[in-house]
Amino acid sequence: MSRERYIDRVLKAQRELLFGLIRIHVLVHAAHEPIFGLAMMEELGHHGYRIGPGTLYPLLHGLERNGLLKSSLKTVEGRRRRLYKITSAGRKALEKATVKVDELHHELHEEHPRKISPGSDGPAAS
Ligand SMILES: [Zn+2]
């Protein structure tokens, strides 16, 4: 594999790993106020996620298709914008995700996460 292809693959894998977090992040904001794509993109940028419209809009559509968001067209400051609101299914999903994220956060910061393999000691070889 060429070095460029290897780097592409690694970057893609990193992005995919963060996708669920980005979805949760969108739900967090939608739980507080109706959101639209551009503002959400900027907000994610503040958190260090570089995500373009080609990624964010399909993500928003996917959340709507799955019933977690509901969109409507509104005129805001003279411009037609698609606003997304969280649904009750979205709030439930966010509640569940919050429990999981809290637990993951806890384990990420534990010095010694619970061992799950018998006979292993220390971190796995990389
Ligand atoms: Zn945020």
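Each ligand, and each atom within it, is numbered from 1 in the order the structure gives.
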Colleague: Kindly confirm whether the Zn ion (ligand 1) is within less than 2.8 Å of some N/O/S atom in H46?
Modeller: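 Within the cut-off used here (under 2.8 Å), H46 places no N, O or S atom near the Zn ion (ligand 1).
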
Colleague: Count the heavy atoms belonging to other residues, nucleotides or ligands that lie under 6.0 Å from NE2 of H106, then report whether that count exceeds 12.
Modeller: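 Open: at most 12 neighbouring heavy atoms sit under 6.0 Å from NE2 of H106.
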
Colleague: Looking only at N, O or S atoms, find the one in H47 nearest to the Zn ion (ligand 1) and name it.
Modeller: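 Output for this pair reads NE2.
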
Colleague: Measure the CG-OH distance between L60 and Y84 for me, rounded to the nearest 0.5 Å.
Modeller: 5.0 Å

Colleague: Kindly give the atom name of the N, O or S atom of E43 closest to the Zn ion (ligand 1).
Modeller: OE2

Colleague: Would you tell me whether H47 and E43 have side-chain atoms, one donor and one acceptor, within less than 3.5 Å of each other?
Modeller: yes

Colleague: Find, among atoms of H25 that are N, O or S, the one nearest to the Zn ion (ligand 1), and state its name.
Modeller: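 The H25 atom nearest to the Zn ion (ligand 1), restricting to N, O or S, is NE2.
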
Colleague: Is T87 reaching over with its side chain to a backbone N or O of G67, donor-acceptor style, under 3.5 angstrom?
Modeller: yes

